[in-house]
Amino acid sequence: MTPAELTDAIRAAVRAAVDDGRLAVEVPGDVVVERPKRKEFGDYATNVALQLAKAARRPPREVAEIIAGYLAGRAGIGSVEVAGPGFLNIRLQAGAQGELVRTIIEQGSRYGNGDTLRGQRINVEFVSANPTGPLHLGHTRWAAVGDALARVLAAAGAEVTREFYINDRGSQMDKFGESLAAAAAGEPIPDDGYHGDYIYELAKEIATDHPEFLTLPADQRRVAFREAGYERQLARQRRALENFRVHFDVWFSERTLHDSGAVDDAIETLRRQGHVFDHDGATWLRTTDFGDDRDRVLIRSNGEKTYFAADAAYYLDKRRRGFTRCIYLLGADHHGYVARLRAIAACAGDDPDQTLDILIGQLVKIVKDGAEVRLSKRAGEIVTLEDFVDLAGLDAVRYSLARYPADSPLVLDVDLITRQTNDNPVFYVQYVAARTASVSRHARELGIERGPFDPALLTHERESDLLGSLGEFPRVVATAAELREPHRIARYLEELAGVYHRFYDSCRILPVGDEPVTPLTHARLALNDATRIVIARGLDLLGVSAPERM
RNA sequence: GCCCCCGUAGCUCAGCGGACAGAGCAGCUGCCUUCUAAGCAGUCGGUCGCAGGUUCGAGUCCUGCCGGGGGCGCCA
């Protein structure tokens, strides 16, 4: 019996009580069942009576007694008792819990998937770096978190598009071109230009492939270098992200919004909605109508359309492409954008609570040998995605970044996350994957066939604990998706890993020496297989590998 | 000045209003002739920043204060 099935049973019990006129309440859409911390509180506990007490206008314990009466005796339910202020402590029938192993093995890597987000088309925009340099630590965090979030949303049934917005227009691009042109010509780069080693390398590369660029007049030379640099730098970012196991479905260029007239159309649309006004020669959007602390300029008095105007056009474009929900991952330095992005949605006639999720991520620092790592050989003052992966390894970087909530500031110790001991949660979890695989290999060597098994034999306390943890996985995935918090997957895996290790320690799976293969061997082997499936799937949701050996 | 995030064990941090606040590390004590000891068991460790409020019940929600970080452009 899975927690979801138990939830259904509890709801059915409440419904029966209501039908019999014993309770005057609405049957709740969802019921919280949890694994109590203390053994004597049973396999599962629910606070449903406490929550219904007010509506029923009866004391919680009395409500609990009524529900307990209808719940006891249902299929799979062993015993139900009322405890504390009105909790229902539930014990499952022997064997009912073990059925879960069959479910997991049948469903394989689909186990944990749900349909809570079925029908939603979600656009997840993240990283969105300027194509003027390498990806830095902040981008690396969003790459790990954003991709994990996209995987989790898909597991919850949503149709997900990963999108990268390329800021390929404006003064930063011009400075980039100017810096490259200067570097190629052996001239000093302006102070406010780009200075990392990668600029010189890139400039040299371009000059080698296109020596004719150097003969162009200065302004054309800057444009030529800008365009060639853009193409190459973007390709590098894309390659770095693909190597990081992050694949974007859409690379969206800011320029195309301007070139296609989408920005003008957007301004026109917003004007029709009545939120655009002219003042001091500029064109503004009255975002203060929707909670922004000041109005925002769409077209500057010099005729130039602002970045904000492109943001508005971009949002409208996403909606036109059919996305029901747009998720933005932004760095903390962009938190000022939240109010204005919401205002754009509201000005366009949407309800921002329904169509937008803006996740603000705090900064990341990495520390090695007790000191902050700040310098990169490639990029000067910044540490790049590639530097970090070189330093710590792909799995360690992805896992370490994805295991914290995005909005908590993060200090990662490189020595810690690369250590191959259980100091390091990545290895602690991956070790379970390797251990389960090792047991599986060993079973094959002993010629033990997989086949029917009796789940009722899984009665050891550690087996029961493991079944309980495995059963929680679908709800963890659903919650992580609903709250946009992929780190919950990592925390769950760490918990599951501990429970498995304790099971492994107490419950010998395979025969020792001349011992015979017993029905318990088959049952435990199936439990081991089920654990492998869940650990591997959980790691996959984080973009981390589940090694066969370590 | 206004806005956002954070404040939980010595450290890094979990904790969707529920039962005696959790994990890992660090410290101390044990466990490998058996499926991976990259593991397990035990022990030590807390005014959940402070003060009010809402609630049957608050680390969790609300208000104020204190401390730390970040942000506030006709920049991108």
When the distance from [atom1] of [X] to [atom2] of [N] is rounded to whole Å, what number comes out?
X	N	atom1	atom2	result
His334(A)	C72(B)	NE2	P	9 Å
Arg296(A)	C72(B)	CZ	C1'	9 Å
Leu50(A)	G18(B)	CG	C1'	7 Å
Asp293(A)	C3(B)	CG	C1'	7 Å
Leu330(A)	C3(B)	CG	P	20 Å
Arg491(A)	G24(B)	CZ	C1'	9 Å
Phe503(A)	C35(B)	CZ	C1'	11 Å
Leu483(A)	U60(B)	CG	P	18 Å

Sort out the partner of [N] for me: Watson-Crick or G-U wobble, both distances under 3.5 Å, none otherwise.
N	result
G17(B)	none
U54(B)	none
G1(B)	C72(B)
G30(B)	C40(B)
G24(B)	C11(B)

[N] to [M] separation - [atom1] atoms, rounded to the nearest Å:
N	M	atom1	result
C62(B)	C6(B)	P	11 Å
C72(B)	C11(B)	C1'	34 Å
A9(B)	G53(B)	C1'	29 Å
U63(B)	G27(B)	P	43 Å
A23(B)	C40(B)	P	13 Å
A58(B)	C20(B)	P	11 Å
A14(B)	A21(B)	C1'	11 Å
U33(B)	C50(B)	P	50 Å

Of the nucleotides [options], which one has an atom closest to the side chain of [X]?
X	options	value
Trp284(A)	C13(B), C74(B), G15(B)	C74(B)
Arg441(A)	G73(B), C16(B), U36(B)	U36(B)
Thr479(A)	C16(B), U36(B), C74(B)	C16(B)
His501(A)	C75(B), C35(B), C40(B)	C40(B)
Glu485(A)	U36(B), G18(B), G15(B)	G15(B)
Pro405(A)	A14(B), G18(B), C74(B)	A14(B)
Ala434(A)	C40(B), U36(B), C74(B)	U36(B)

Calculate, to the nearest 0.5 Å, the distance between atoms [atom1] and [atom2] belonging to [X] and [Y] respectively.
X	Y	atom1	atom2	value
Leu527(A)	Leu466(A)	CG	CG	4.5 Å
Arg271(A)	Phe277(A)	CZ	CZ	11.0 Å
Asp465(A)	Arg502(A)	CG	CZ	8.0 Å

Kindly say whether the aromatic ring centers of His460(A) and Phe503(A) come within a distance under 6.0 Å.
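So the answer is no for these two rings.
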Ring centre gap for Phe164(A) and Phe126(A) strictly below 6.0 Å
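Ring-ring flag for Phe164(A)/Phe126(A): false, centres at least 6.0 Å apart.
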Once hydrogens and angles are ignored, does a donor-acceptor distance under 3.5 Å link the base of [N] to the side chain of [X]?
X	N	result
Ser171(A)	C75(B)	no
Asp505(A)	A37(B)	no
Ser301(A)	C74(B)	yes

Once you apply a heavy-atom cut-off of 4.0 Å, does [X] come out as touching a base, just sugar-phosphate, or nothing?
X	value
Asn302(A)	nothing
Asn89(A)	base
Ala53(A)	nothing
Gly170(A)	sugar-phosphate
Arg508(A)	base
Glu548(A)	base
Tyr504(A)	base
Gln172(A)	sugar-phosphate
Ile360(A)	nothing

Does the side-chain ring of Phe87(A) sit on the six-membered ring of the A19(B) base, less than 5.5 Å centre to centre and under 30° in tilt?
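According to the criterion (under 5.5 Å, under 30°), yes, Phe87(A) stacks.
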So which one's nearest nucleotide on RNA chain B is more toward 5', Asn47(A) or Glu304(A)?
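Closer to the 5' end of RNA chain B: Asn47(A).
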Of Asp295(A) and Val476(A), whose closest RNA chain B nucleotide lies nearer the 5' terminus?
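The 5'-side residue here is Val476(A).
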Hey, is [X] close enough to [Y] for a salt bridge, meaning N to O under 4.0 Å?
X	Y	result
Glu548(A)	Arg532(A)	yes
Arg484(A)	Asp357(A)	yes
Asp353(A)	Arg342(A)	yes
Asp505(A)	Arg508(A)	no

Any side-chain heavy-atom pair from Tyr230(A) and Ile166(A) closer than 4.5 angstrom?
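Side chain of Tyr230(A) against side chain of Ile166(A), heavy atoms only: contact under 4.5 Å found.
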Examine [N]: is either OP1 or OP2 under 4.0 Å from a nitrogen or oxygen in the side chain of [X]? Give yes or no.
X	N	value
Arg462(A)	C40(B)	no
His487(A)	G15(B)	yes
Tyr500(A)	A38(B)	no
Arg294(A)	G73(B)	yes
Arg435(A)	A37(B)	yes

Determine if the base of C4(B) is syn or anti; take syn to mean the glycosidic torsion is within 90° of 0.
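Glycosidic conformation of C4(B): anti.
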